[in-house]
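Presented below is the structure to which this report refers.
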Amino acid sequence: MSYAQVIVDISHENVDRPFSYRIPEELKGQISAGSKVEVPFGKGNRLITGYVVGFCDKVDYDESKIKDIASICNKSVSPEEKLIGIASFIKEKYGSTMITALKTVLPVKKVTKALEKKSVIALKDEAELLEAAAVAERKSQRAKARLLYALCESPRIDYSLVIGKLNVSAQTVLSMEKQGLIELEKERSYRNPVSFRKDESEPVRLSQHQQYIVHEINKDYQEGNPGVYLIHGITGSGKTEVYMELIAKRLEQGQQAILLIPEISLTYQNVVRFYKRFGDKVSIMHSRLSQGERFDQFERARKGEVSIMIGPRSALFTPFSNLGIIIIDEEHEATYKSETMPKYHAREVAQEIASRAGGAVVLGSATPSLESYTKAKNGEYRLFTLKERLTGGTLANVNIVDLREELKAGNRSIFSRRLKELIEDRLEKGEQMMLFLNRRGYAGFVSCRNCGEVIKCPHCDVSLSEHRGDKLMCHYCGYEQPAVKICPACGSNKVAGFKAGTQQIEEAIHKQFPEAVVLRMDADTTKHKDDYETILSKFANKEADILLGTQMIVKGHDFPGVTLMGILAADLSLSDNDFRSAERTFQLLTQAAGRAGRGELPGEVIIQTYQPEHYAVTHAAAQDYENFYEEEFLYREFLMYPPAANMLAVQLTGPYEGVLDKLAERLAEEVKKMDFAAAPIQIGPAKASLGKKSDLYRRVIYYKHKDYDELVRIKDRMEECIRIWEPKKEMIQFDFNPMNTF
Ligand code: ADP
Ligand code: ZN
Ligand code: ZN
């Protein structure tokens, strides 16, 4: 390659387009993606530093005008250089432009006004706070007590956390300030949201199994051979304690750690555990941080002010100078795969980052992804298993109820006879329960009972859903219209919503169990940023008997008081037409079943289903991961789905159906002309499962092949075609081993 593309300013709001520079003879072979170089810039040829982001053989303008790279900066490799190397890896592996890949990995500085931050500060010592908390509790001032207890643990808490995660109202804070218990402090700079007294007491003593894992991983380190590890352990089996011990060891050696947690599990309790152990060495990221705040967090990491970054997918790109370990908790979660270009998987990128840094990767899950478990079986990852729950409590008793039998017996309600009995029993005893509807998406569609006509969104290829009976909404584009009373196809007045959403179930509960207090948690009731925590803390405070909700309620929350979990229709997630639906169902049912019986009281789980014999249902009921894995893998192997093979989804969108179809056909033709040692399996081009969205048509072509690199070649070829053909309005995206159907 004769030329290098160099970007000269990576802290700018918009990562600049690269400039081309000639690579002088003496530097050939020494420059790679990420290299920091000095280049002459502008009219005066002032020397400035830049980063190499790519290479090319020709440029489309006067070659004599191109300047030479002056030199390579040979200092130690900076975090930026490493990240640019990663961007280049991501671009190659998943397909996107270099600019988009760079924007994904580099913290982009945005000029933001310094926000005024408020904190709540305790004015009393711990004993007085405890006393005040006890008084508040006696007066049933729950929110006040909650804040006081929290202040015992940390004398200063960010105001937004108090209002948000702790769910204390502004009035309560004000009245406590008047009472002289607390003070509101305003500060300008960004700091950690919580400041904790580091808990100096000894951490828990690890069990033998836990110690073994820690020992083995640290041993590989000492031998200079850190690898990838999978810890398979049910919730409560002590994985987090293992993570903390591993992190502590890396910190001792002057290294840093990244811990990825799905955003939904980043709760106050989880966060506090890390602050208590590691004090202000910890930094937390979440999607609600502004660009500026995110940048600040990364800056602190770069300067060495923090050594542990906890957060969702994007925390992976923390610019630590000496990264020792990346831990991914709940590694099976779909949120680790990016839904926008580049559609990278955090698990794979973590391995690339760690191997470049000479660090380890630890994956943890109660229900490992098929991908990871397969690698563990092949010996690519090392597998550890934690079997016992350390918090006590017995595993719940799981019953499968066949809904077909209920129908035969004349029971048309959403609740089977057994579930109804148990709900009544718990209400009588004053114990809490959860009802889970594993339906992705929203309340049901609206159709005509006479002719079957479905009322659809005019801009998308989906049906509209009913909201409070008086309007219809599209959940993809936000389109709204008044409810339809008369069928547009046949004129009958039998138009009605299909009742299966959580809202309808809530109504049914009110009818059947009028005395029950219900909290509902779904996409509709968690629109505002703190709704989620508010509902959870209300339930934890026993302000309701029943928590009803979608999959949000089964992820990572402990309610020791819950003694009944009802899974209303286990089949709903099986009917998604997607090769991962059995796996997703198994994970959800296993997690749901694990929710009951966490405390001292024994728990009971009811799984209602029309397919009681389905292997995802039976194995989840038995909490039998191994056998589920075996059966599921056979299915993937038989149909050549990941992880038995690799799969590429080529996703095309555009405003004109005919133009889009032609483009899809042409691309497929180009691939047919390529040489392959073994030909890929091609499916499509076809209409995507969502055929139109916001007036854009959608098409998809799938390729399957044993060899990932062959799919990368297909992607490269298509990118080239698009570059040459320059379609006007049509867009192409690539999704390798997709998590969702397009
Ligand atoms: P997981 O991450 O697998 O859900 P945790 O590490 O959170 O499990 O452990 C569950 C609970 O058990 C926590 O309250 C933790 O403090 C406690 N625990 C974990 N390991 C031990 C141990 N060796 N001894 C005593 N308690 C432990
Ligand atoms: Zn729409
Ligand atoms: Zn009709």
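Values in this document were obtained by computation on a predicted structure and should not be read as measured data. When a ligand or atom number is given, it counts from 1 through the structure's own listing order.
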*For the residue pair D461 and Y697, confirm or rule out a side-chain donor-acceptor distance under 3.5 Å.*
no
*Say whether Q481 and Y479, considering side chains only, have a donor N or O and an acceptor N or O under 3.5 Å apart.*
yes
*What atoms of ligand 1 come closer than 4.0 angstrom to any heavy atom of S207?*
23 (N)
*Please step through side chain to side chain donor-acceptor pair (under 3.5 Å) for the pair T741 and D578, ending with a clear verdict.*
CA-CA 6 Å; T741 45; D578 149 4; 4.6 Å; no
_Atoms in ligand 1 with a heavy atom of R205 nearer than 4.0 Å_ = 22 (C), 23 (N), 24 (N)
_Ring centroids only, cut at 6.0 angstrom: are Y373 and Y381 within range, meaning strictly under it?_
no
_Listed protein N/O/S atoms, distance to the Zn ion (ligand 2) under 2.8 Å_ = C457 SG, C460 SG, C474 SG, C477 SG
*Any side-chain donor-acceptor pair under 3.5 Å between S365 and E331?*
no
*Between the side chain of E583 and the main-chain N/O of L370, is any donor-acceptor distance below 3.5 Å?*
yes
*M244: heavy atom below 4.0 Å from ligand 1, yes or no?*
no
_Under a 3.5 Å threshold, yes or no: a donor from one side chain and an acceptor from the other, between Y336 and E348?_
no
_Under a 3.5 Å cutoff, is there a donor and acceptor pairing between the side chains of R347 and S369?_
yes
*Check whether any heavy atom of G233 sits under 4.0 Å from an atom of ligand 1.*
no
*Any donor-acceptor N/O pair, S338 side chain to T340 backbone, under 3.5 Å*: yes
*Any idea which atoms of ligand 1 are less than 4.0 Å away from a heavy-atom of T235?*
4 (O)
*Check each atom of ligand 1 against the heavy atoms of I234 and keep those under 4.0 Å away; list them by number with element.*
3 (O)
_Validation row, ring centre Y625 to ring centre H232 under 6.0 Å_ = yes
_If we set the cut-off at 4.0 Å for heavy atoms, which region of E245 has an atom near ligand 1: side chain, backbone, both, or neither?_
neither
*What protein atoms of element N, O or S are positioned under 2.8 Å from the Zn ion (ligand 3)?*
C448 SG, C451 SG, C487 SG, C490 SG
*Is there a donor-acceptor contact under 3.5 Å from the side chain of Q432 to the main chain of F539?*
yes
*So, D695 versus H459: side-chain donor-acceptor pair below 3.5 Å or not?*
yes
*Nearest to atom 6 (O) of ligand 1 by heavy atom, E241, Q208, H209: which?*
E241
*If you measure every N/O of G238 against every N/O of ligand 1, is any gap under 3.5 Å?*
yes
_4.0 Å heavy-atom contact, V242 with ligand 1_ = no
*Measure from the side-chain N and O atoms of S154 to the backbone N and O of L151, and report whether any donor-acceptor pair falls under 3.5 Å.*
no
*Just checking, is any N or O donor in the side chain of K343 or Q651 under 3.5 Å from an acceptor N or O on the other one?*
yes
